[in-house]
Q: 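Have a look at the structure that comes next, please.
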Amino acid sequence: DLALGNDYGDYGLYLSSSSSIDIIGNDLRNIRAYAIYLVSVNGSALDRCTLYNNRVIARSSSARPVYFASCDYWNVYHNTLLAYSAGEALYITNSNDLNLRNNVMAAFDRNAEAMFINNSANLTSDYNDFYAYGCYLIRQGGSFRNTLADWQSASSQDANSISVDPRVGGVTDPNTSYYGLVGQGDNLQADVPVDIDGESRPAAPTLGADEYVAAVPQALSGSYTVPG
């Protein structure tokens, strides 16, 4: 397993030509280029690589939280990937048999998408949150998917996913207590029983790296007098 602390450089983690890798529980913030950069890092059908419980912020220029190139057989579960740049929160190219579940992928620059995917087969993706501040949510090869419904129609993926602003603390703070992510995940207790802080995950978990409880706002009822 690989576990890194906070990083303020160009790369948080750079791996190439490797196999049987588990990247778990990293808190990477203010990365200027690629926070987690993976090239030709492969698992197998019987021994998949894992990317679990990572909380990542990438900033400046075209920085990206996670970059997959020629990487096969990965489980990508319960990550919070935040891009404050013109780069996508998750970039996938020439990578096959990836399974994306219970992630938050958010791009806060108007020129960026939550995810880019190109020339990659056998993708399985569901129970994620995709958010983009700009016009396009996801780029699939040379085609832009403006909304989650557009992506669902084009890919036949993410039937149970959502598209909401995760309302994180900002460019240096990936934490959130937004109720809209609570209970939206798939049950992955067998693979990811605890969150990035070691807290147990319930059968209906919160999306992203951090498990928390948040009250749903209730509509006001009764009579109120507004002064003025």
Side-chain angles (χ1 to χ4, degrees), residues 1-107 112-125 128 130 138-139 141 172 174 188 191-198 208-210:
D1 296 357
L2 298 172
L4 307 177
N6 290 354
D7 195 310
Y8 292 83
D10 290 332
Y11 291 87
L13 170 64
Y14 188 121
L15 286 175
S16 65
S17 303
S18 304
S19 61
S20 301
I21 294 294
D22 297 319
I23 302 173
I24 300 171
N26 298 289
D27 193 358
L28 303 173
R29 310 187 188 190
N30 290 335
I31 305 301
R32 291 191 294 267
Y34 298 93
I36 299 176
Y37 187 90
L38 306 169
V39 179
S40 298
V41 181
N42 298 297
S44 68
L46 298 179
D47 184 16
R48 299 177 67 90
C49 295
T50 61
L51 185 73
Y52 297 167
N53 279 344
N54 296 283
R55 190 164 49 197
V56 182
I57 296 176
R59 63 179 176 84
S60 78
S61 187
S62 58
R64 295 180 173 95
V66 173
Y67 182 98
F68 284 105
S70 301
C71 296
D72 298 339
Y73 293 104
W74 278 80
N75 290 338
V76 182
Y77 296 163
H78 276 297
N79 300 284
T80 299
L81 310 179
L82 310 175
Y84 291 88
S85 64
E88 301 82 0
L90 177 62
Y91 189 100
I92 303 169
T93 185
N94 299 312
S95 298
N96 303 313
D97 295 282
L98 271 60
N99 189 351
L100 315 179
R101 288 184 182 267
N102 295 3
N103 302 287
V104 173
M105 291 164 272
E113 299 82 45
M115 182 173 73
F116 171 81
I117 183 165
N118 180 61
N119 197 29
S120 299
N122 301 326
L123 173 73
T124 301
S125 184
N128 299 293
F130 297 97
I138 293 170
R139 184 155 60 103
T172 60
L188 299 178
D191 296 299
V192 194
V194 299
D195 74 348
I196 190 172
D197 301 314
D210 188 25

Q: Mind checking side-chain hydrogen bond (donor to acceptor under 3.5 Å, both in side chains) for N103 and listing every partner two or more places apart, or none if nothing turns up?
A: N79, N128

Q: Excluding sequence neighbours, so at least two apart, what forms ring-ring contact (aromatic ring centres under 6.0 Å, His included) with F68?
A: W74

Q: Given side-chain hydrogen bond (donor to acceptor under 3.5 Å, both in side chains), test N96 with N122 step by step and report yes or no.
A: CA-CA 6 Å; N96 303 313; N122 301 326; 6.0 Å; no

Q: Which pair of non-hydrogen atoms, one from S85 and one from A63, has the smallest distance, and what is that distance?
A: OG-O, 2.6 Å

Q: Give me the atom names and distance for the closest heavy-atom approach of G87 to R64.
A: CA-CG, 3.9 Å

Q: Just to verify, what does Y73 make a ring-ring contact (aromatic ring centres under 6.0 Å, His included) with, not counting sequence neighbours?
A: none

Q: If I compare all heavy atoms of S95 with all of I92, which pair ends up nearest, and what's the gap?
A: CB-CG2, 3.8 Å

Q: Between V192 and N53, is a side-chain contact (heavy atoms from CB on, under 4.5 Å) present by the stated rule, with each step listed?
A: CA-CA 8 Å; V192 194; N53 279 344; 3.4 Å; yes

Q: Kindly say whether A209 contributes a backbone atom to a donor-acceptor pair with the side chain of H78 at under 3.5 angstrom?
A: no

Q: Output every pair passing salt bridge (charged side-chain N to carboxylate O under 4.0 Å, His left out) with a member in residues 41-53, not counting sequence neighbours, ordered by first then second residue.
A: none

Q: Starting at CG of D22, measure out to CD1 of I24 and round the result to the nearest 0.5 Å.
A: 4.5 Å

Q: Going by salt bridge (charged side-chain N to carboxylate O under 4.0 Å, His left out), name the pairs with one or both residues in residues 112-124, residues two or more places apart or in two chains.
A: E113-R139

Q: Rounded at 0.5 Å granularity, tell me how far OH in Y67 sits from CG in L13.
A: 14.5 Å

Q: D210 and D195: which non-hydrogen atoms are nearest, and at how many Å?
A: OD1-OD2, 3.0 Å

Q: Tell me which donor-acceptor pairs under 3.5 Å the side chains of residues 36-43 have, and how far apart each pair is, sequence neighbours excluded?
A:
residue	atom	partner	partner atom	Å
N42	OD1	D72	N	2.7

Q: Determine, stepwise, if the pair L100 / L123 fulfils side-chain contact (heavy atoms from CB on, under 4.5 Å).
A: CA-CA 8 Å; L100 315 179; L123 173 73; 3.9 Å; yes

Q: For the side chain of T80 and the backbone of R55, is there at least one donor-acceptor N/O pair under 3.5 Å apart?
A: no

Q: Run the ring-ring contact (aromatic ring centres under 6.0 Å, His included) test against F116 and tell me which residues pass, sequence neighbours left out.
A: Y91

Q: What are the two closest non-hydrogen atoms of A35 and P65, and how far apart are they?
A: CB-O, 3.2 Å

Q: Give a yes or no on whether the backbone of N99 and the side-chain of T124 come within a donor-acceptor separation of less than 3.5 Å.
A: no

Q: My understanding is that only residues two or more places apart in sequence, or in another chain, count here; which of them pass side chain to side chain contact (heavy atoms under 4.5 Å, CB included) with A106?
A: L82, F108, Y131, P166

Q: What pairs with Y84 under side-chain hydrogen bond (donor to acceptor under 3.5 Å, both in side chains), at least two apart in sequence or on another chain?
A: none

Q: Could you tell me which residues satisfy side chain to side chain contact (heavy atoms under 4.5 Å, CB included) with N94, sequence neighbours excluded, listed by chain and number?
A: S70, N119

Q: Which pairs count as ring pair (Phe, Tyr, Trp, His ring centres under 6.0 Å) when at least one residue sits in residues 38-58, sequence neighbours excluded?
A: Y52-Y77

Q: Are N54 and I23 close enough that some pair of their side-chain heavy atoms sits under 4.5 Å apart?
A: yes

